Amino acid sequence: METKWLKVDNIVDNLMNHPHIVQAAKLLTENEIVAFPTETVYGLGANAKSDEAVQKIYQAKGRPSDNPLIIHVANIKQVEEMVEEIPKSAQILMDRFWPGPLTILFPQKKGVLSPAVTANLPTVAIRMPNHPIALALIEAAQLPIAAPSANRSGKPSPTKASHVYDDLQGKIAAIIDGGETGVGVESTVIDCTENIPVILRPGGITKEQIEAVIGEVHIDAALHSEKEKPKSPGMKYTHYAPDAPLIVLDGSKEWIQKKIEEQQRKGLKVGILTTEENKDFYDADVVISCGNRKDLTTVAAKLYDTLREFNQYEIDLIYSEAFPNEQIGDAIMNRLRKAAGHRIEKEDQ
Ligand code: AMP
Ligand code: MG
C-alpha cells in the first residue's frame, strides 16, 4: 500500500474542515490506520470499535497482542460511552489535566469497543490529547480512536512525521505531518480503579503534579524493580532501542570519559548521549546533546530523536548520561532504562 503524506499546518482555523483532516477521518471510518501528531509523540490511530481496524495496528507495529492500546477522545461524552463509571479521582484528574498527557484507566463498559483494543482486560485506558490536529481528527471521525505510538514495536517512539515514515511506510494508509511533537515522552498512565490510584507508567504529567490535586498515589512496584510483574502489560517489553547497544552511566563526566576511552582501546567506536552543559567535555566517536540539564523538559522533547540519530553512525556502543529520577526526569530515566535493556552502571562513590 502507498502511504499518503498529508501535511497540515496546525495554526489554521477550522481544522476539522481541512481537506487533509477530512481525508484522514474518512480513512479511519473505513477502518484504515492513520498516523497523527499529538503533544507527546505521533500516534497510530484506528477505529477503536472495529476488530479489523485494531488488528491492523498490531500488525503494522509488530506489537504483541497482549499489550492494550490507549483510546483517544475529543470530548467527555465519548468517555461516558465506554466506561462503567467515572471514579472521583479520575474526575478530578480529567478536570485538571485534560486535554493533556495523562492516560486514565476506567472500568470498561462491555460491548462498546473491540475486545482486541484492551487485550480482553476489564479496564480501558483513555486520554484526551492536547493537540489541535489530534482533536480535530477525532471530532471529524466521530469515533473513539485507539492509538499507540506510531513506531515499529521496540524502536524509539516517533516525534516527527519522518520517524513514522522510516518505520511504517507502505504498512499504513496515511501520515498526517503536523511538525514536531512537544512533550516528547508518552503520557503518564494512572489506574483510577483502585482506592488509592496507581501510576503504571511515568510520563508527561509528573507524580508531583498529580499528588498536588488528588493526594497520595502509589507507583506500580514493577517500575523500580525488575522482579515484579508490571500491571501495565506494555511495560514488560523492550522498547525505544537504538541499533547499537546502549548503557546508562550514572556518575561524573570524568568517570564517563574514562569508560569511553576503555572501550575505544578495545577498538570499539563509542557514542555518548549528553547535554548542552557537558557536550564539549567529551572526546568520543559521536557526541550528541539531547537538551539542557537545567530544563529537563528539553531532554524529554529530544530524547527519541537523539536515540534515532545515533543510528546514522557506524558505532558499536552508546553510553548515556543519567538524569535525576524526579519530575519529568522520572519518565526520561524510565525510557532510557528500557532502551538500555536495564543496563546501568554506577560510579563507585
Ligand atoms: P503505547 O500505546 O505504546 O503508548 O502504550 C500504552 C501503554 O498503556 C502500554 O504500556 C499499555 O500496556 C498500557 N495500557 C493500555 N491499556 C491498559 C489497561 N487497560 N490496563 C493497563 N495498562 C494499559
Ligand atoms: Mg509505544
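Values in this document were obtained by computation on a predicted structure and should not be read as measured data. In listed order, ligands and their atoms are each counted from 1.
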request  = Check whether Val299 and Ile256 end up in the same hydrophobic cluster, where Ile, Leu, Val, Met, Phe, Trp and Tyr are linked by side-chain heavy atoms less than 4.5 Å apart.
outcome  = no
remark   = ligand 1 atoms nearer than 4.0 angstrom to some heavy atom of Ala125 are 15 (C), 16 (N), 17 (C)
key: Per-atom contacts of ligand 1 with Leu121, taking only distances under 4.0 Å to non-hydrogen atoms   = 18 (C), 19 (N), 20 (N)
request  = State whether Lys4 and Glu32 are salt-bridged, where the test is any N-O pair (Lys NZ or Arg NE/NH1/NH2 against Asp/Glu carboxylate O) under 4.0 Å.
outcome  = no
inquiry  = So, 4.0 Å and heavy atoms of Gln108: is ligand 1 close enough to count as a contact?
reply    = no
query = Glu186 to ligand 1: N or O pair under 3.5 Å?
reply = no
query = Is Glu186 salt-bridged to Arg335, going by a charged N under 4.0 Å from an acidic O?
reply = yes
task = Going by heavy-atom distance to atom 2 (O) of ligand 1, choose the closest among Ala119, Pro148, Pro68.
result = Pro148
message = Using a strict threshold of under 4.0 Å (side-chain N to carboxylate O), is an ion pair present between Glu277 and Lys253?
response = no
query = So, does Leu105 sit close enough to ligand 1 that a heavy atom of it is under 4.0 Å from the ligand?
reply = yes
Location of contacts on Arg127 toward ligand 1, heavy atoms closer than 4.0 Å = neither
note = side-chain contact (heavy atoms from CB on, under 4.5 Å) with Ile190: of Ile205, Thr103, Val217, only one passes, and it is Val217
query = Regarding Glu276 and Ser289, is there a side-chain donor-to-acceptor distance under 3.5 Å anywhere?
reply = yes
message = If the threshold is 4.0 Å, N to carboxylate O, is there a salt bridge linking Glu52 and Lys56?
response = yes
key: Numbered atoms of ligand 1 (with element) below 4.0 Å of Asn67, judged on heavy atoms   = 9 (C), 11 (C), 12 (O)
request  = Please check if any side-chain donor atom of Glu321 sits under 3.5 Å from a side-chain acceptor atom of Thr274, or the reverse.
outcome  = yes
message = Using 2.8 Å as the threshold, say whether any N, O or S atom from Asn151 sits that close to the Mg ion (ligand 2).
response = no
query = Considering Thr123, Val189, Asp191, Leu69, which one's heavy-atom position lies nearest to atom 19 (N) of ligand 1?
reply = Thr123
message = Under a 4.0 angstrom heavy-atom cut-off, which atoms of ligand 1 come close to Arg201?
response = 1 (P), 4 (O), 5 (O), 6 (C), 7 (C)
